[in-house]
Undergrad: 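This is the structure, below, for whatever I ask next.
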2 protein chains.
Amino acid sequence: MVQRMLGGVRAAGLRLTPQRLAIVRALADDTSHPTAQELLDRLRPALPTMSFATVYNTLFALSAAGLCSSLSLSPGSSRFDPNMEPHHHAVCDRCGAVSDIPLAAAERGGPSREAARLRRSVGAGAPGFEVRAVERVFRGLCARCAARDRRART
Amino acid sequence: MVQRMLGGVRAAGLRLTPQRLAIVRALADDTSHPTAQELLDRLRPALPTMSFATVYNTLFALSAAGLCSSLSLSPGSSRFDPNMEPHHHAVCDRCGAVSDIPLAAAERGGPSREAARLRRSVGAGAPGFEVRAVERVFRGLCARCAARDRRART
DNA sequence: ATGAGTGCAAATGCTTTGCATCCTG
DNA sequence: CAGGATGCAAAGCATTTGCACTCAT
């Protein structure tokens with residue numbers, strides 16, 4: 001994952017600075033969808049002068065280059081996802097945690113019937129809307145918060 | 001829609017103040033998913049002393065009572081949706097506008113095969129996650145932004 | 001009358017910006 | 001060695017909070 005992203009940085013004509021290298025390395029193999037704050041906290045020990053501006057600049061540059069995506073699925077801060085394969089997300093209503101959900105086997109095949117049906121729905125609700133991506137969002141409680149909830153209700 | 005919401009306000013044991021009445025009326029038949037700011041701007045002429053605190057308090061109370069929902073689908077401000085029937089959303093990546101997308105006919109029937117498949121996917125990606133709602137999010141450009149884009153690229 | 005609700009202003013948290021300086025390509 | 005990238009601090013929004021006052025029930 002790191003290699004693919006670093007290759008992408010060059011391919012996009014972005015300069016490879018120590019800060020960007022650190023951010024790419026921190027993000028690449030992280031499935032926790034960190035916020036800018038979390039990334040900064042994690043990198044500060046190694047690069048004490050790194051600033052929010054740089055973290056945001058870099059994450060924005062990476063997502064503009066199609067190397068990661070920024071998620072706005074819950075109130076509060078944006079989260080960043082290095083996984084560019086199509087997939088869904090589960091979002092905890094309590095703590096905001098986001099998990100990747102793999103596509104079901106049936107969703108990985110060709111578009112088919114399903115796609116046509118979806119296109120019709122969008123046309124009905126938002127004529128002229130140009131769909132670029134579709135994802136499913138599961139909302140509820142993550143394992144940790146669900147457990148805490150059960151304990152509290154006892 | 002207004003009547004249902006006002007009934008819900010009573011049923012939830014919430015006091016019906018002029019501010020709440022105005023907010024409910026403004027939200028009830030609005031399909032544009034207004035932000036707190038937009039609602040306040042719209043209501044200020046009639047109730048000049050209305051404050052953000054009241055708008056947020058009320059919207060929060062309404063969604064806690066299950067009378068509207070708050071959407072966090074794009075960066076920036078939350079949007080509020082009076083439509084409590086299951087439906088999907090189309091979100092414009094450029095301007096943040098949100099449109100309701102009706103469920104396709106096939107989605108309205110009983111859960112069936114589909115639901116089981118989804119449950120399996122969630123279990124695979126986020127063990128222990130307690131799903132309370134599932135929605136589809138279509139991302140892309142709304143008609144207006146798509147048109148602007150086409151013009152710009154000419 | 002009483003406590004939920006309101007309004008104001010200040011505080012908080014996330015993100016962006018301006019600009020001087022630095023360093024990659 | 002030129003222009004992209006960084007770092008700092010200040011500014012900008014969205015949202016929340018504290019508290020005295022008001023009013024719906």
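Quick note on labels: first sequence line is chain A, next is B, and so on, each numbered from 1.
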Undergrad: Please state whether the phosphate of D:dT15, meaning OP1 or OP2, lies under 4.0 angstrom from any side-chain nitrogen or oxygen of B:Ser78.
TA: yes

Undergrad: Who are the side chain to side chain contact (heavy atoms under 4.5 Å, CB included) partners of B:Ala46, not counting sequence neighbours?
TA: none

Undergrad: Who are the salt bridge (Lys or Arg N to Asp or Glu O under 4.0 Å) partners of A:Asp30, not counting sequence neighbours?
TA: A:Arg42

Undergrad: For A:Arg136, what residues pass the salt bridge (Lys or Arg N to Asp or Glu O under 4.0 Å) criterion, not counting sequence neighbours?
TA: A:Glu107, B:Glu114

Undergrad: Scan the side chains in residues 3-11 of chain A for donor-acceptor partners under 3.5 Å anywhere in the protein, sequence neighbours excluded, and list what turns up.
TA:
from	atom 1	to	atom 2	distance (Å)
A:Arg4	NH2	A:Pro82	O	3.4

Undergrad: Taking atom P of D:dC23 as reference, at what distance in whole Å does atom CG of B:Leu47 sit?
TA: 13 Å

Undergrad: Applying salt bridge (Lys or Arg N to Asp or Glu O under 4.0 Å), name anything that partners B:Arg94, two or more places apart in sequence or on another chain.
TA: B:Asp149

Undergrad: Just the endpoints, please: which first and last nucleotides of DNA chain C, 5' to 3', lie under 4.0 Å from a heavy atom of chain A?
TA: C:dC14 to C:dG25

Undergrad: List for me each residue that meets side chain to side chain contact (heavy atoms under 4.5 Å, CB included) alongside A:Ser78, sequence neighbours excluded, and say none if there are none.
TA: A:Ser72, A:Phe80

Undergrad: Which residues in residues 56-65 of chain B have a heavy atom closer than 4.0 Å to any atom of DNA chain D?
TA: B:Tyr56

Undergrad: Check salt bridge (Lys or Arg N to Asp or Glu O under 4.0 Å) between A:Arg148 and all other residues, then give those that pass, not counting sequence neighbours.
TA: none

Undergrad: Using the ring-ring contact (aromatic ring centres under 6.0 Å, His included) rule, collect all pairs that involve residues 7-50 of chain B, keeping only residues at least two apart or in two chains.
TA: B:His33-B:His89

Undergrad: Decide yes or no for B:Pro18 and B:Leu21: does some side-chain heavy atom of the first lie under 4.5 Å from some side-chain heavy atom of the second?
TA: no

Undergrad: Give every residue pair that meets the ring-ring contact (aromatic ring centres under 6.0 Å, His included) criterion with at least one member in residues 134-154 of chain B, sequence neighbours excluded.
TA: none

Undergrad: Taking DNA chain C as the partner, which of residues 13-46 of chain B come within under 4.0 angstrom of it by heavy atom?
TA: B:Leu14, B:Arg15, B:Thr17, B:Gln19, B:Arg20

Undergrad: 5'-most contact on DNA chain D: B:Ala53 or B:Arg10, nearest heavy atom basis?
TA: B:Ala53

